[in-house]
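Please read these numbers as outputs of a predicted model, since none were measured by experiment.
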Amino acid sequence: MATGGSEEPPSSSGRKKHSNRLIHEKSPYLLQHAHNPVDWYPWGPEAFAKAKKEHKPIFLSVGYSTCHWCHVMERESFENEEIGKIMNESFVCIKVDREERPDVDKVYMAFVQATTGGGGWPMSVWLTPDLKPFAGGTYFAPEDGSLRPGFKTVLKNVADQWKRDRNGIIERSNKILTALQKGVAMSSGREAVPPSCPQVMETCFQQLTNSYDDEYGGFRESPKFPSPVNFNFLFRFWALNKTSEKGARALEMALHTLKMMAFGGIHDHIGQGFHRYSTDRHWHVPHFEKMLYDQGQLAVSYTEAYQTSGDKFFADIARDILLYVSRDLSDESGGFYSAEDADSHPSADSVEKKEGAFCVWTEQEIRELLPDPVSDATQTITMADVFAYYYGMKRNGNVEPAQDLHGELKNKNVLILRYSPQLTAVKFGLEVEKVKEILSTCRNRLYEVRKSRPCPHLDSKMVASWNGLMISGFARAGAVLGEKTYILRATKAATFLKEHMFDSNTGRLLRSCYRGSEGVVEQGASPISGFLDDYAFVIRSLIDLYEASFEEQWLEWAVKLQEKQDELFWDAKEFGYFTDDANDASVLLRLKEDQDGAEPSGNAVAASNLVRLANFTNRPDWTIRSKQIVTTFEKLLNGIPMALPEMVIGLMTQYHPLKQVVIRGELEAPDTLELIQCINAHFVPNKILLLADGNSESFLYQTLPFLSTLELKDGKATAYVCQNFSCSLPVTTAAELKTLLLK
C-alpha cells in the first residue's frame with residue numbers, strides 16, 4: 001500500500017537528504033513531512049523555548065494526512081530548498097496534525113476566520129514566541145500571482161516586519177488575543193431557560209427547506225457535503241409530525257438526498273463507502289478522500305432511512321459502508337483507521353500522484369476489461385455496453401472542466417448511476433434481473449482490477465471520537481438489520497478502545513493511537529489526552545452498543561466516562577462543556593464548539609447523552625445539566641438552528657418525554673428476541689431500551705430499583721413502556737408492543 005506524503009528521493013548513500021524532528025513522531029501526517037528541508041518541530045516546549053531564546057516568530061502549519069491541498073503546499077513549498085532556507089533562518093517552524101490536536105487547530109482557525117473571512121487546510125499562521133497569532137491564511141502558492149503574493153514573498157515580508165517592528169507586532173497580537181477571547185465567550189446566565197422547542201424545530205425545518213435542492217437533494221448548490229446531522233434532525237422531525245405535510249416533506253428531503261448521494265460519484269460504486277464531498281450539485285465528482293467519521297455517521301443515516309421507509313435499498317447502502325470499513329479501515333486489534341487519501345499514483349511507474357486516480361476509468365479500459373458478449377440481448381452488445389450506459393460513461397470522459405481545474409480527470413469517468421436497472425433493461429432488451437447480474441459481475445471484476453493499482457495513502461492513526469462514531473454505526477445497523485456480526489464488530493472496537501485508548505489509572509480517554517511498523521498498536525512518547533468530542537462520541541457509542549448487545553459493561557463504562565467528562569470539561573460558571581481541559585498552558589483559548597460541522601458538536605451530542613443516561617441511571621442532575629447546555633446555545637438556536645441541528649435534537653430529547661422500553665425476559669429466548677426485533681424495526685428515536693433479565697445484582701437493577709417490580713406475564717417475555725419510571729400495562733406480543741411504541 002502506498003504511503004503518501006513526501007516523495008523525496010534518497011541521496012546517493014541511500015539515506016534521505018533531510019531529516020527533522022518529526023521523524024520521531026507517530027502521526028502519519030507529521031511523518032509525511034519528516035524529510036522536508038524545513039526544520040520542523042512538533043507542537044511542544046522544545047519549539048516554544050527555541051522561539052523565545054532566539055527571539056524568532058513561529059510559523060505554524062496545520063493540516064492532516066489525507067488533505068489534498070496540504071500535499072500540494074508540501075510539494076510546492078515545503079520541499080523547496082530555497083523556501084526551506086528562508087523558513088529555517090527566520091522562523092521556528094511547527095507542524096500540527098489537526099486530527100491529533102483539534103484544540104490547537106480550533107484556536108488558530110478562529111483567528112484565521114476572524115481576520116480573513118475564511119478558513120481551511122493547510123492552515124498557515126505566524127505567532128509570537130508566546131504563541132499569540134498576528135498573521136495567517138490557508139494555502140499559499142510558492143510564487144506571486146496576479147491577485148495575491150506567493151508564500152516566498154509572504155515569508156520575507158513577515159520576517160522583515162518582525163525585524164523592523166517586533167514590539168508593535170507583539171502589542172497587536174495581545175489585542176488580537178483579547179478580541180478573540182471576547183468573541184468566543186458565551187454564557188446563558190443563571191436565570192436563562194431553554195428556548196421554545198416547537199419554535200426552534202419549526203425554524204430549523206424551514207431553514208433546511210429553504211436551502212434544499214429539490215432536484216438533486218442536499219442543502220446547498222455546490223460543493224455538497226453529506227451533513228448527516230441534517231438527516232438526524234429531519235428523521236426526528238418526521239417522527240413527531242408523521243401525519244402532517246411538513247412531516248412528509250422532512251422525510252422526503254432526507255430520503256431523496258440519501259438516494260441521490262448513493263447514486264452519485266460521491267459513493268464508491270466499486271470499492272464501497274463514501275468520499276468526503278461532491279464538487280458539484282449532482283453529487284457526481286467528489287473530493288476523493290474517504291474519512292472514517294463520514295462512514296460512521298452515514299451508516300446510521302442509511303439505517304434510519306431503512307427504518308423510516310422500509311426500502312431495502314437503504315439497508316443495502318448501510319451494508320455497503322460497513323463492508324468497506326471492515327475491509328479497508330479496520331485494524332486487526334479492533335480499532336478503526338482514520339482515512340484514505342484522495343491522491344494516488346495512476347500507475348506503478350508514475351512520479352506524481354493525482355486526485356482520484358485509484359477510482360476513475362477511461363471508457364477504453366472498461367471495454368478491454370468487460371468484453372464479454374451478452375447473449376440474451378436484442379442487439380449485439382458486451383457487458384461493457386451495459387455498464388457504461390448504466391454508469392454514464394463517455395468516450396472522452398464524463399467530468400466537466402469546471403470540476404477538474406487541474407486536468408487530473410481529463411478523459412476519465414467518475415461512475416454515477418444515470419439509469420435504473422429497469423430502464424437499462426429496456427434499452428438492451430434484457431430482463432431486469434439479468435441487468436443486475438451483469439452489473440454485479442462487472443463491479444466485482446473491476447474491484448479486482450483496481451486492487452492492482454497503487455493504493456491511496458492510508459492514515460492508520462486511530463482516533464477515539466471517530467472510533468466512537470463508527471461503533472455507533474455498526475451497533476445501530478446490527479440491531480436494526482438483525483446482523484449479529486455487526487454488533488460483534490462494534491464490541492471488538494469498544495474492547496479495543498478500553499484496552500488501548502483508556503487509562504484505567506486516571507479514568508481518562510486518550511485521543512489517538514497508531515499502527516506501528518510491526519502491526520502492533522503504539523502510543524506516542526507523550527500520549528495526547530482525549531477531548532470533549534472523544535468522550536461525547538464514545539459515550540454515545542457505548543449506549544448504542546448496550547442497546548444492541550445488552551452487555552451492561554458498556555453502560556457502566558459510559559456512566560464512568562460521563563462523570564469524567566463532567567470533571568474535565570464542564571464550565572460550572574457559564575455552563576456548557578469546553579472542548580479541552582485546562583491542563584495545557586500552550587492552548588491560549590478554551591473554546592465551546594457552537595456549530596455542527598463534518599462531525600456533530602460535542603456539546604450537542606452530550607446534551608442527548610445526558611438525557612439517555614439520566615433515564616438509565618435515575619440521575620435527574622444529568623437532565624438538568626442537559627438543559628443547561630441547550631440554554632448556553634440559546635441565541636444560535638433561536639436564530640440559525642440549522643447551524644447546529646444536533647443541538648436541536650438535544651432540545652427535542654428534553655422537551656418530548658423519553659420512553660423507557662423494558663423487555664423482561666432472557667436475552668437469547670425466542671420470545672424476547674421477537675419483542676426486541678419489533679422495537680428495532682420501527683423508528684422510535686425518543687426512547688431507551690433496557691433488558692431486565694431478573695438478575696437483581698446487576699448494574700441496571702441496582703440503579704433502577706423499579707425493574708424488580710416488573711414480572712413475566714404468563715411465563716412469557718414481557719414488554720413494558722415506561723415514562724418517568726411509571727409503566728404501561730405489560731404486553732407479550734409484537735403487535736401489542738408496536739401499538740404502544742407508535743402511539
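Atoms CZ and CG, from Arg476 and Leu545 in turn, are 12.5 Å apart once rounded to the nearest 0.5 Å. The CZ atom of Phe706 sits 9.5 Å away from atom OG of Ser726, with the distance rounded to the nearest 0.5 Å. The distance from atom CD of Gln660 to atom CG of Leu707, rounded to the nearest 0.5 Å, is 8.0 Å. Put simply, CD on Glu593 and CD on Gln595 are 8.0 Å apart, with the number rounded to the nearest 0.5 Å. Atoms CG and CZ, on Leu588 and Phe111 in that order, are 12.0 Å from each other to the nearest 0.5 Å. With rounding to the nearest 0.5 angstrom, the CG atom of Asn603 is 11.0 Å from the CG atom of Asn609.
Proximity of a side-chain donor or acceptor of Ser124 to a complementary backbone N or O of Thr138 within less than 3.5 Å is detected. Between the side chain of Gln297 and the backbone N or O of Gly473 there is no donor-acceptor pair closer than 3.5 Å. Within the 3.5 Å criterion, the main-chain N or O of Val630 finds no donor-acceptor partner in the side chain of Glu634. In terms of modelled atom types and a separation under 3.5 Å, the side chain of Tyr41 and the main chain of Val92 share no donor-acceptor contact. A donor-acceptor distance shorter than 3.5 angstrom exists from the side chain of Tyr701 to the backbone of Gly694, with no hydrogens or angles considered. A donor-acceptor pair under 3.5 Å links the side-chain atoms of Ser330 to the main chain of Val325, judged by distance alone. In this structure, the side chain of Asp580 does not engage the main chain of Phe531 through any donor-acceptor pair within 3.5 Å. Remark: side-chain polar atoms of Gln207 are paired, donor with acceptor, to backbone N or O of Gly639 under 3.5 angstrom. Checking side-chain atoms of Glu547 against main-chain N and O of Leu689 turns up a donor-acceptor pair under 3.5 Å. When atom types are taken as modelled, the side chain of Ser626 and the backbone of Thr623 share no donor-acceptor pair closer than 3.5 angstrom.
Using a cut-off of 4.0 Å between Lys/Arg side-chain N and Asp/Glu carboxylate O, Lys26 and Glu100 are scored as not salt-bridged. A salt bridge between Arg508 and Asp503 is absent, with no side-chain N of the basic residue lying under 4.0 Å from a carboxylate O of the acidic one. Comment: Lys461 engages Asp97 in a salt bridge, judged by a side-chain N to carboxylate O separation of less than 4.0 angstrom. Between Arg540 and Glu646 there is a salt bridge, since at least one side-chain N of the basic residue sits less than 4.0 Å from a carboxylate O of the acidic one. Taking the charged nitrogens against the carboxylate oxygens, Arg511 and Asp103 have no contact shorter than 4.0 Å, which rules out a salt bridge. Using a 4.0 Å cut-off between charged side-chain N and carboxylate O, Lys564 and Glu567 make a salt bridge.
Residues Leu532 and Gly602 approach most closely at CD2-C, 3.9 Å, considering heavy atoms. Residues Tyr535 and Gly507 approach most closely at OH-O, 4.4 Å, considering heavy atoms. The two atoms that bring Glu599 and Ser465 nearest to each other are OE1-OG, 4.3 Å, heavy atoms only. Residues Lys95 and Ser61 approach most closely at NZ-OG, 2.7 Å, considering heavy atoms. Counting all heavy atoms, side chain and backbone alike, Asp534 lies closest to Ala464 at OD1-CB, 3.5 Å. When all heavy atoms are compared, the tightest approach of Pro195 to Leu637 is CG-CD1, 3.9 Å.
No side-chain donor from either of Thr66 and Arg276 sits under 3.5 Å from a side-chain acceptor of the other. Judged purely by distance below 3.5 Å, without hydrogens or angles, the side chains of Ser333 and Asp331 pair a donor atom with an acceptor atom. Side-chain atoms of Tyr64 and Arg98 form no donor-acceptor pair, as typed in the model, at a separation below 3.5 Å.
Each of Thr703, Thr617, Leu700 was checked for a side chain to side chain contact (heavy atoms under 4.5 Å, CB included) with Leu555, and the lone residue meeting it is Leu700. Tested against Cys727 for a side chain to side chain contact (heavy atoms under 4.5 Å, CB included), the candidates Thr709, Val721, Leu710 yield a single pass: Leu710. Paired with Leu610 under the rule side chain to side chain contact (heavy atoms under 4.5 Å, CB included), one option of Lys627, Arg625, Gln565, Arg619 passes, and it is Arg625. The only member of Asp571, Asp533, Asp566 that meets side chain to side chain donor-acceptor pair (under 3.5 Å) when paired with Tyr577 is Asp566.
Between Tyr29 and His33, the ring planes lie perpendicular to each other; the angle is over 60°, past the 30° to 60° tilted range. Ring geometry for Phe59 against Trp126 counts as tilted: the plane angle lies between 30° and 60°, on a 0 to 90° scale.
A 4.5 Å side-chain heavy-atom check between Phe237 and Val648 finds every atom pair outside the cut-off. Counting only heavy atoms from C-beta outward, the side chains of Met642 and Phe233 never approach each other to under 4.5 Å. Side-chain contact between Asn232 and Glu304 is present, with at least one heavy-atom pair separated by less than 4.5 Å. Counting heavy atoms from C-beta outward, Cys513 and Phe496 have side chains that approach closer than 4.5 Å. At least one side-chain heavy atom of Leu60 sits under 4.5 Å from a side-chain heavy atom of Trp43. Using a 4.5 Å heavy-atom threshold, the side chains of Ile679 and Val684 count as separate. With a 4.5 Å cut-off on side-chain heavy atoms, Pro42 and Leu22 count as touching. Contact of the Thr631 side chain with the Phe575 side chain is not registered, since no non-hydrogen atoms from C-beta on lie closer than 4.5 Å.
Aromatic rings from Phe336 and Phe474 are positioned such that their centres are separated by under 6.0 Å. Residues Phe616 and Tyr546 bring their aromatic ring centres within 6.0 Å.
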Legend entry - Evaluation steps, side-chain contact (heavy atoms from CB on, under 4.5 Å), between Asn686 and Met652: CA-CA 9 Å; Asn686 218 37; Met652 294 160 66; over 6 Å; no
Legend entry - Test side-chain contact (heavy atoms from CB on, under 4.5 Å) applied to Val125 and Val62, step by step: CA-CA 8 Å; Val125 192; Val62 181; 5.9 Å; no
Inset, instruction - List the steps, then state whether side-chain contact (heavy atoms from CB on, under 4.5 Å) holds for Leu658 with Thr653. - result: CA-CA 7 Å; Leu658 187 142; Thr653 304; 4.2 Å; yes
Legend entry - Test side-chain contact (heavy atoms from CB on, under 4.5 Å) applied to Val521 and Glu499, step by step: CA-CA 10 Å; Val521 177; Glu499 290 180 358; over 6 Å; no
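Surrounding CG of Leu488 are more than 12 heavy atoms belonging to other residues, nucleotides or ligands, all under 6.0 Å away. Counting heavy-atom neighbours within 6.0 Å of Lys659 NZ, excluding the residue itself, gives a total above 12.
Under the 6.0 Å distance and 45° angle rule, Lys592 counts as a cation-pi partner of Phe578. For the pair Arg515 and Tyr337, the cation-pi criterion (under 6.0 Å, within 45° of the ring axis) is fulfilled.
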